[in-house]
Amino acid sequence: MAAAVAAAPGALGYLHAGGARLVAACSAWLCPGLRLPGSLAGRRVGPAIWAQGWVPAAGGPAPKRGYSSEMKTEDELRVRHLEEENRGIVVLGINRAYGKNSLSKNLIKMLSKAVDALKSDKKVRTIIIRSEVPGIFCAANLPVPTIAAIDGLALGGGLELALACDIRVAASSAKMGLVETKLAIIPGGGGTQRLPRTIGMSLAKELIFSARVLDGQEAKAVGLISHVLEQNQEGDAAYRKALDLAREFLPQGPVAMRVAKLAINQGMEVDLVTGLAIEEACYAQTIPTKDRLEGLLAFKEKRPPRYKGE
């Protein structure tokens, strides 16, 4: 059974013990100084996935599309920090062609390492997760905005990773679905929890029970993705849209972006009164920052703000 799961396109490809280790590695404070009132004090605020210890690999392919650097570990996961007008945008490229981007134990380990490094890097503003294998996607949640660019297949674990992102965009030709019930298992990487929160319980049950696969237009119609694009000749229409969105996010205050995401994510899990208390606590995090003062000064002087994430 484990072998069958690992071989399936987009399937989790790891045993429950490995999944538990990943969950443990991904749990972290999105906003370290934040403490919420009452019984919520000290509560962990959600999964954040990324990690430390990146070392550029020697002999890697030359940078392309304006990337200033390309780091890779055994070719399966590539981290690119964009430069010039795209500075602050990081692209995570999954490149496990021989396994159709299925989530092997090795790839999960690399994702876990990548998580902390990006999570603690204040220069990172938005992260785009995409496939570098034509026609296949496979994606997760960080304290900064995350965008899943789906230009091909996102089945099983691939869609579960996309669901862990804040925003999903897809080409009309993309294929998405939680197909695990066909293998007599369930979506065990967050699918049973995130899909109902995204599209509603009844429709989520229908899609999981039937193992139905949707194209980009169908996924947009049910609210699974935010944008759908006609695929281009290069096969990266969703990635290009994700990059456009990331550029829209770049000018905003970095601290504000992080705590806004925190407030939204946590507020959706509680009643309105508690959610408003979370919002108030998050708002308080922005008041003493230098960025807030810079924003006021820039507004007064009628110039673009120069935020530093402080």
Side-chain angles (χ1 to χ4, degrees), residues 24-54 79 81-92 112-129 140-147 164-167 245-310:
C26 293
S27 296
W29 297 99
L30 293 187
C31 190
L34 178 62
R35 291 295 183 273
L36 303 178
S39 62
L40 292 176
R43 174 180 173 181
R44 284 189 184 272
V45 295
I49 325 194
W50 303 133
Q52 298 178 7
W54 281 103
V79 181
H81 293 257
L82 277 59
E83 289 290 356
E84 299 175 353
E85 73 274 11
N86 297 322
R87 186 182 298 273
I89 300 173
V90 175
V91 179
L92 292 180
S112 295
K113 288 182 178 180
V115 170
D116 286 343
L118 295 178
K119 180 182 63 181
S120 60
D121 188 345
K122 292 184 178 180
K123 294 181 181 179
V124 176
R125 302 292 183 86
T126 300
I127 294 166
I128 297 174
I129 297 133
N141 208 356
L142 282 157
V144 296
T146 55
I147 307 170
C165 294
D166 300 309
I167 300 166
L245 291 173
R247 290 187 184 119
E248 284 191 63
F249 302 162
L250 279 180
Q252 323 313 331
V255 176
M257 295 288 280
R258 287 173 178 253
V259 295
K261 174 172 175 173
L262 173 62
I264 293 168
N265 286 353
Q266 292 304 297
M268 289 298 293
E269 302 300 322
V270 298
D271 61 88
L272 179 59
V273 173
T274 306
L276 290 171
I278 293 172
E279 180 185 75
E280 182 179 359
C282 288
Y283 178 77
Q285 298 291 306
T286 67
I287 297 302
T289 64
K290 294 179 181 179
D291 281 352
R292 184 184 73 88
L293 298 178
E294 165 62 15
L296 292 173
L297 184 61
F299 179 77
K300 180 180 179 181
E301 297 177 353
K302 298 182 179 179
R303 62 169 174 79
R306 295 184 288 270
Y307 295 128
K308 297 180 180 180
E310 301 175 350

Q: Evaluate the criterion side chain to side chain contact (heavy atoms under 4.5 Å, CB included) for residue pair V144 and M257; output intermediate values, then yes/no.
A: CA-CA 7 Å; V144 296; M257 295 288 280; over 6 Å; no
Q.
Any heavy-atom pair between the side chains of T286 and R258 that's under 4.5 Å?
A.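 Contact flag for R258/T286 side chains = no.
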Q. Quick one: are L118 and L92 in side-chain contact, heavy atoms under 4.5 Å?
A.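 L118 reaches L92 side chain to side chain.
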Nearest-0.5 Å distance, [atom1] of residue [X] to [atom2] of residue [Y]:
X: N265; Y: D166; atom1: CG; atom2: CG; answer: 6.0 Å
X: N86; Y: L250; atom1: CG; atom2: CG; answer: 7.0 Å
X: I264; Y: I278; atom1: CD1; atom2: CD1; answer: 12.0 Å
X: L82; Y: R125; atom1: CG; atom2: CZ; answer: 14.0 Å
X: I147; Y: F249; atom1: CD1; atom2: CZ; answer: 4.5 Å
X: I127; Y: H81; atom1: CD1; atom2: NE2; answer: 8.5 Å

**Q.** Stepwise side chain to side chain contact (heavy atoms under 4.5 Å, CB included) check, E248 with T126
**A.** CA-CA 10 Å; E248 284 191 63; T126 300; over 6 Å; no
Q. Between R303 and E294, is there a salt bridge with N-O shorter than 4.0 Å?
A.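 Salt bridge flag = yes for R303 with E294.
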Q.
Does this structure show an ion pair linking K308 with D291, if we count only N-O contacts that are shorter than 4.0 Å?
A. no
Q: Give the minimum heavy-atom separation between A246 and I128, together with the two atoms involved.
A: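 Distance-wise, the nearest heavy atoms are CB-CD1, 4.1 Å.
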(Q) For Y307 versus P254, what's the shortest heavy-atom pair and its separation? (A) CB-CD, 3.6 Å
Q: Verify, without hydrogens or angle tests, whether R292 (side chain) and I287 (backbone) share a donor-acceptor contact under 3.5 angstrom.
A: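 Judged by distance alone, yes, a pair lies under 3.5 Å.
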Q) Has the side chain of K290 got a donor or acceptor atom that lies under 3.5 Å from a matching backbone atom of E310? A) no
